[in-house]
Amino acid sequence: MRILLFTGKGGVGKSTVAAGTAALAARRGLRTLVISTDAAHSLADAYGAAEPGSAYGGADPVEIAPGLHLQQVDAQLRFEQSWADIQRYLLSVLDAVGMDPVAAEEMTVIPGAEEVLALLELREHARSGSWDVIVVDCAPTAETLRLLALPEALGWYLERLLPIQRRLVRALRPVLDRAAGVPMPGDTVFDAITRLHGELDDVHDLLSGPESTVRLVLTPEQVVLAEARRAYTGLCLFGYRVDGVIANRVFPAGDDDPWRAGWVAAQREVLDDVAQSFPGLPVWTSEYQPAEPVGVDALCALAADLYDGADPLAVPGGEGPFRVSRSEDGGAVARLTLPNARRSEVDLARNGDELVMTVGSYRRLLTLPPGLARLRVAGASVVDGELRVRFAEPAAALREAR
Ligand SMILES: Nc1ncnc2c1ncn2[C@@H]1O[C@H](COP(=O)(O)OP(=O)(O)O)[C@@H](O)[C@H]1O
Ligand SMILES: [Mg+2]
């Protein structure tokens, strides 16, 4: 089962391109689901669906063309209340316990119910075996990254703090129940958090697996490109595989109208930067259409033109974003694709079997494979768009540090 995620700044054409790609897949006879995790749903509008958008927010996807199914996740329907409970509890704990700053920061990235529900929905669909292709129309860049980081962020909290708190709470409940201002979760809250974590972990595995890829949608404007570059770094940091860039709404060269010629020249300049910002990735371009591309036919035409003969469902070969290789002296090197990052922007800290990596405003807690967790970090560098972290036997690392 192939999973394609589309993200990018607001308004660049994510929904349009996601809808078009899904429509192409369905025309090939593949069982295709297109699902939106953006609270600003516009898939139904893009397909020019007769029903209002809310008709697609139900429990089951709706078939809108042969083999093409649409679902717009609507959190209001279910879930919102229980998520709100969990969220309120987590934040109150944060406040009351005076948590480690790393954890505190992670806690502040808890997304809204809508996004969490969308991820859980995605997991259910992926497990159902009903689909050959799932296309995900994601929220704008920053939210998508936060969302994708959630399972790890919650995992940190759960593994470190929850067991301790649970024991503490059991022991102290009789006393604390009478003290004001101390948050006292019931066992049901703990159970809900633990279950949620397991489910989100599955989502992370699913979305960082070999058949899932992310496509960055942009328009040829400097501001948009800058955000796409940051998103690329962030996605790689979190272990997701980006397999292409879509430059949408490119003005076709034409007459000598100075307004148009000005735009064409300006866009061409940005497109040159695009090519340099994402080395090794295909950049697919889509022209600014004379009218809004609405309806299955128009979207199919746009997508066919965009991919220009390339297979939009191809699974990229080569290595994923995170690799570990052993060295002969018993050490190891972990390599993480980290495009557009400079060493000075990358911060590393060790926290037990986790490596805390910060790049700009993104932070990742990478759980080290067992063989690495035993070793010490001996050094790090950024070379050719790749972060290399050297690990050594504890004794060797000490020698190296001297
Ligand atoms: N290549 C294109 N040519 C003309 N209009 C486009 C093109 N791509 C998208 N649009 C229009 O731009 C608007 C925003 O697109 P949309 O896909 O909803 O963006 P996003 O999902 O990124 O917010 C929509 O009205 C859409 O029809
Ligand atoms: Mg959209």
Side-chain angles (χ1 to χ4, degrees), residues 1-8 13-44 46-47 49 53 56-75 114-140 143-145 147-148 150-151 199-217 235 238-244 246 296 299-300 303 306-307 310-316 320:
M1 181 193 49
R2 187 75 168 90
I3 300 181
L4 292 169
L5 299 109
F6 290 85
T7 192
K14 295 180 292 297
S15 300
T16 302
V17 174
T21 307
L24 274 189
R27 285 224 169 144
R28 275 205 212 167
L30 299 168
R31 297 169 300 165
T32 305
L33 172 70
V34 53
I35 183 170
S36 152
T37 68
D38 189 352
H41 294 303
S42 57
L43 281 173
Y47 285 121
Y56 305 93
D60 297 310
V62 178
E63 186 165 17
I64 52 164
L68 180 60
H69 299 77
L70 169 62
Q71 185 168 30
Q72 306 192 130
V73 176
D74 183 0
E114 205 130 47
E115 294 169 295
V116 175
L117 183 66
L119 281 187
L120 297 181
E121 200 83 26
L122 181 62
R123 169 178 173 271
E124 289 309 312
H125 282 301
R127 288 154 63 107
S128 72
S130 308
W131 310 108
D132 301 312
V133 181
I134 299 181
V135 174
V136 187
D137 174 23
C138 295
E143 284 100 290
T144 302
L145 288 169
L147 185 61
L148 295 177
L150 179 74
E199 290 171 348
L200 290 175
D201 223 25
D202 289 351
V203 176
H204 181 267
D205 288 350
L206 189 70
L207 296 186
S208 56
E211 305 218 288
S212 301
T213 55
V214 185
R215 292 190 183 153
L216 284 169
V217 186
L235 286 162
F238 290 112
Y240 300 96
R241 185 139 171 177
V242 178
D243 73 343
I246 291 153
V296 175
L299 293 170
C300 265
L306 171 73
Y307 294 111
D311 176 3
L313 303 178
V315 176

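For clarity, every value in this text was computed on a predicted model and none was experimentally measured. For reference, positions follow the sequence shown, starting with 1. For the numbers below, each heavy atom of this structure counts, side chains included, while hydrogens, waters and symmetry mates do not.
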- Query: Taking all non-hydrogen atoms of both residues, which atom of His69 and which atom of Gly67 are closest, and how far apart?
  - Reply: ND1-O, 3.5 Å
- Item | All salt bridge (charged side-chain N to carboxylate O under 4.0 Å, His left out) counterparts of Asp202, not counting sequence neighbours | Arg123, Arg127
- Task: Can you measure from CZ (Arg31) to CG (Leu68) and round to the nearest 0.5 angstrom?
- Result: 14.0 Å
- Have a look at Leu70 and tell me which of Ile35, Ile64, Leu33 forms a side chain to side chain contact (heavy atoms under 4.5 Å, CB included) with it. Ile64
- When every non-hydrogen atom of Ala126 is compared with those of Leu206, the smallest separation belongs to CB-CD2, 3.5 Å
- Message: Can you tell whether the side chains of Arg28 and Asp132 come within less than 4.0 Å, N to carboxylate O?
- Response: no
- Closest approach of Pro316 to Arg241 (non-hydrogen atoms, all atoms of both residues): O-NH2, 3.5 Å
- Message: Within this structure, what is the CG-CG distance for the pair Asp311 and Leu24, rounded to the nearest 0.5 Å?
- Response: 10.0 Å
- Item | Nearest heavy-atom neighbours spanning Val135 and Phe6 | CG1-CE1, 3.7 Å
- Over all heavy atoms of both residues, which pair between Ser128 and His125 is shortest? Give the atoms and the distance, please. OG-O, 2.7 Å
- Item | Spatial distance of atom CG (Leu235) from atom CG (Leu5) [nearest 0.5 Å] | 9.0 Å
- Do Val217 and Thr7 come close enough that some side-chain heavy atom pair is under 4.5 Å? no
- Message: Taking the side chain as everything from C-beta on, heavy atoms only, tell me whether Leu4 gets closer than 4.5 Å to Leu313.
- Response: yes
- Query: Atom CD1 of Ile246 and atom CG of Leu306: how far apart are they, to the nearest 0.5 Å?
  - Reply: 5.0 Å
- Task: Give a yes or no on whether the backbone of Met1 and the side-chain of Glu211 come within a donor-acceptor separation of less than 3.5 Å.
- Result: yes
- Item | Reported OH-to-OG distance for the pair Tyr240 and Ser212, which is rounded to 0.5 angstrom | 9.5 Å
- Sequence neighbours excluded, which residues qualify as salt bridge (charged side-chain N to carboxylate O under 4.0 Å, His left out) partners of Asp243? Arg2, Arg215
- Message: How close do Ala19 and Leu43 get, counting heavy atoms only, and between which atoms?
- Response: CB-CD2, 4.0 Å
